[in-house]
Amino acid sequence: GFRAMGRAMGLAGLLLGLFLVPAVLVSTSLRRGAPLAEPQLDAVEWEPASGAVPEDSLWPLPQWVRTSQRQLQLSPGRFQLVHGTGSSAGPACGLLQDAFRRYYEYMFGQSRRRQRGRRQFGARAEPQLSQLQVVIESPDPGCHSYPHLGSSEAYHLTVTEPVAVLKADEVWGALRGLETFSQLVHEDDYGSFLVNESEIDDFPRFAHRGILLDTSRHYLPLKSILTNLDAMAFNKFNVLHWHIVDDQSFPYQSIYFPELSDKGAYSYNHIYTPTDVHLVIEYARLRGIRVIPEFDTPGHTQSWGKGQKDLLTPCYSGQQPTGFFGPVNPILNTTYDFMTKFFKEISSVFPDAYIHLGGDEVSFDCWKSNPEVKEFMKKQGFGIDYAKLESYYVQKILDIVSSYNKGYVVWQEVFDNKAQLKPDTVVEVWMANNYADELSRVTGAGYTAILAAPWYLDYISYGQDWKKYYDVEPLHFLGSEKQKKLLIGGEACLWGEFVDATNLTPRLWPRASAVGERLWSSSNVTNLQDAYQRLTNHRCRML
Amino acid sequence: AENEPPWGMPCTQLLVSVATPGCDEFPSLDSKESYKLSISEGSALLLADAVWGALRGLETFSQLVGRDENGAYYINKTEIVDFPRFPHRGLLLDTSRHYLPLRAILETLDIMAYNKFNVFHWHIVDDPSFPYESVTFPELSKQGAFNAMTHVYTASDVQTVIEYARLRGIRVIAEFDTPGHTLSWGPGAPGLLTPCYLGKDPSGTYGPINPILNSTYQFVSSLFKEVGTVFPDFFLHLGGDEVDFTCWKSNPKIRAFMKEMGFGEDYKKLESLYIQRLLDIVASLGKGYIVWQEVFDHAVKLRPDTVVHVWKESSPPYAEEMANVTKAGYPALLSAPWYLNRISYGQDWMAAYQVEPLKFEGVTEQKDLVIGGEACMWGEYVDVTNLTPRLW
């Protein structure tokens, strides 16, 4: 239940004037952000609200929304976002302080309206909303910690006169609730700020809701990345999958191996210094977004070879080296010495519990051409099955990374090629062909999965392609209830071959918003006309 | 360092010499854009017949100037003789499906100049909105714009665009597309559009311009008189594409008119009737006109110098249409393979680049009738947030 507000109206009064909106009703107890069982439809009658519907610009649609026709006014000069009594978070909670200011600005802009207007307080008969009180219920609110897969993002929002209350287990739920509250505040034709009396109970359907950015095919300046984190917060995304290096360039400035970016970045101007990286991580944290870096090996590593001699496999034509290089050389001890030291740095720089280790699209041609590699294959008894060599390498990297107490995410090939994975490995399914079958296989083998395959947003096409992203149902694959629970979410990917700061934002948004709702909202939120209405409003607000 | 060519004498000036005056004129289809650029030791010369060629030459000169790794500006000894293959090289922007603020149009004109485009085809109004502020009919934008205060082009805006374009050697050809694509005209011009019928009663919806009323032609005459004065280019684009006959067919007065005229069930004849009268009106204003291909396809009587704008990729294949249009003796513009609003993944610039406009069956005289083409950026999914990276 929710806290009494010291007003005669109370819960009974709230229920009196309410009309239900066509959203699914679920149990009102707060939940942690784990995938839920299918909600039951309540027997309560509802009538559609007349006129403009206040939730016509909510995105993603919360799990449970009730609004009434009754509107409350907010005065920018007087309205405040505050910590409520009993909250385990207070003014020392920098994360919430920052959020309060940010959301105030989103709602009211930075206009002169902040000052008190000339009209007398109390001159208006309309009911006022003077505050939104934020109450964190868990004894450890999380103000100074990093979000993680198990973080609670649930919240309960009650908007009634004169004070609205936002309750959440942890600060992460408060961030989600602040975003929703800001989506409820609207202006009338005369410029007054209004919010309808409402009650919202919300939590994400999937715990892992990510965006992949590729800063190797094209460098993305810090500003681009930060703007993108803002957009992610508007859409309740909570993971930035930072595909930071690849064949084309190595912009990550390593402390132990400065030559990697010295020689591998496009230029000295196209790097991420340790300060830049910390800035991204903290900016993300303040928005409840995890940063999972991907250092993709053994393929996709051409740029690594520029600054790290002998890391990559020399390719051969007959007995002669061609001067070209292939994937990371899996047969040398120096390779693993390097990786041990490199991933030690990565593990300490990036605080998230997971690192993405890549492992996709390893071409075997170069390995096959190299006489020493061929010799090694013979010695190991791998025959001509180079997938075994790939797994040999991958397993050693997985062990290295585990020794630093990190979990890992890998692309599906690592699973497909039968490497020995730790039970809590997350497998990212990206190949579009029959991805449902792959999900069955991955979860059938007991591994956690995230889905990217239908959401490669770099594949642009003419028209309203957001609809096809919206129509994806991640759990449409053959498997038991237990298996379905292993699908923890998904990612919208914007690979960088044709993307840089000049076109990233309009290409990614609002198309990624479709994925955001699919991953947050209930599975039966599928009506495209309703989504179109809300998305149109949401997009204009994001601008 | 060794093996580097020695620096020549520094260039201090680019001398620009124009044979024919014309600084205060507007560019036209016949404008000369040729130029010669001679850069050598101690001399940099840009020679052009007309100021328009000088503009093209300045752009080229700016592309030749490089900076070495120390930051020094340099230019190689160069001889360039240049002129355009086609005299009409256009870009279409659609400011009806989404309003484009002035700065977006001006930015586009700058980039057009970098690429030697010389026609801005301003598809200014259409079904969704009417942003053009008309002096004669102010209600058109008052009722038809997305927002009459903010999403309009005032007379001053229009003049700004025209002058900004002129200074870059770019013609502005306005398109007021009729009789279809005119839903936004309805609210501000009651009686202009055809009321559609459901059986015996008006359905409440409207269709193309009503071709059977005298008031229609009075209106069109006044509007185009204004448009013809506001836009100085010789040509106006009159549209004429995608006229949906359903509404006309449903209207009993129109059906009666069709019977009276002996048109039978061939509504193309009714469409032609309207277009012909429109063309006469515009001709009497001393303007030339460009029309979309349907006007030609539906056998409307056209003046010999009507430019036919080919936009359909198939039915018939555009190469065939180009052949048909030029065979009938009309100048042709090609846009069909250059609908840049139809985005797709990857390096689609190559497909646009590989188009050969003269690849169609025809004799030399026909090929000579192809005056150029236009890249089109229709606005259904385009506004100021994504126009520039989508177009360039």
Side-chain angles (χ1 to χ4, degrees), chain A residues 187 189-191 214 217-218 220-221 224 227-228 230-231 234 248 267-269 432 453-469 492-514 532 535-543, chain B residues 67-71 92-94 97-101 103-104 107-108 110-111 114-115 128-129 146-151 311-314 335-353 375-392:
Chain A
E187 284 185 64
D189 285 348
Y190 300 92
D214 171 359
R217 274 61 180 263
H218 285 92
L220 292 176
S224 260
T227 301
N228 199 66
D230 281 332
F234 299 154
Q248 284 84 347
S267 85
Y268 291 119
N269 289 334
W455 291 322
Y456 267 34
L457 267 49
D458 54 316
Y459 286 154
I460 59 173
S461 58
Y462 179 66
Q464 296 199 49
D465 57 353
W466 69 273
K467 294 184 183 179
K468 78 170 181 240
Y469 302 132
C493 301
L494 194 70
W495 294 102
E497 284 85 348
F498 303 105
V499 175
D500 67 11
T502 67
N503 63 357
L504 181 129
T505 303
R507 187 164 289 197
L508 187 52
W509 307 99
R511 293 155 77 226
S513 299
Y532 179 84
L535 186 56
T536 321
N537 292 329
H538 179 58
R539 179 208 176 234
C540 285
R541 178 176 50 226
M542 288 201 284
L543 291 176
Chain B
R67 280 188 97 165
D68 73 5
E69 49 184 37
N70 298 316
L92 179 151
L93 284 186
D94 170 0
R97 273 58 181 265
H98 285 91
Y99 179 77
L100 291 175
R103 71 176 193 277
E107 182 178 69
T108 303
D110 277 332
I111 312 176
Y114 303 154
N115 290 271
S129 75
F146 283 134
N147 180 314
M149 292 291 100
T150 57
H151 289 56
W311 69 272
K312 292 187 181 183
E313 284 215 273
S314 52
S335 279
W338 291 325
Y339 266 35
L340 302 184
N341 53 309
R342 300 200 140 256
I343 59 174
S344 59
Y345 177 70
Q347 296 199 51
D348 55 353
W349 69 273
M350 295 186 183
Y353 192 77
C376 299
M377 184 49 76
W378 295 103
E380 284 85 349
Y381 303 106
V382 175
D383 67 11
V384 71
T385 67
N386 64 357
L387 172 71
T388 301
R390 189 164 289 202
L391 190 46
W392 306 101

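Below, read A as the first sequence line, B as the second, and so on, with proteins coming before strands; counting in each chain starts at 1.
- The neighbour count for B/M350 CE, taken as heavy atoms of other residues, nucleotides or ligands under 6.0 Å away, is above 12.
- With a 4.5 Å cut-off on side-chain heavy atoms, A/R539 and B/T385 count as touching.
- Distance check: B/W392 CH2 to A/T502 OG1 gives 14.0 Å after rounding to the nearest 0.5 Å.
- Other residues, nucleotides and ligands contribute more than 12 heavy atoms inside 6.0 Å of the CG atom of B/N70.
- Considering all non-hydrogen atoms of both residues, B/E380 and A/Y462 come closest at OE1-OH, 4.3 Å.
- With values rounded to the nearest 0.5 angstrom, B/N386 atom CG is found 10.5 Å from A/N503 atom CG.
- For B/D348, no part lies under 4.5 angstrom from a heavy atom of chain A.
- Heavy atoms of other residues, nucleotides or ligands lying less than 6.0 angstrom from OH of A/Y532 number 12 at most.
- Heavy atoms of A/Y459 lying under 4.5 Å from chain B belong to its backbone as well as its side chain.
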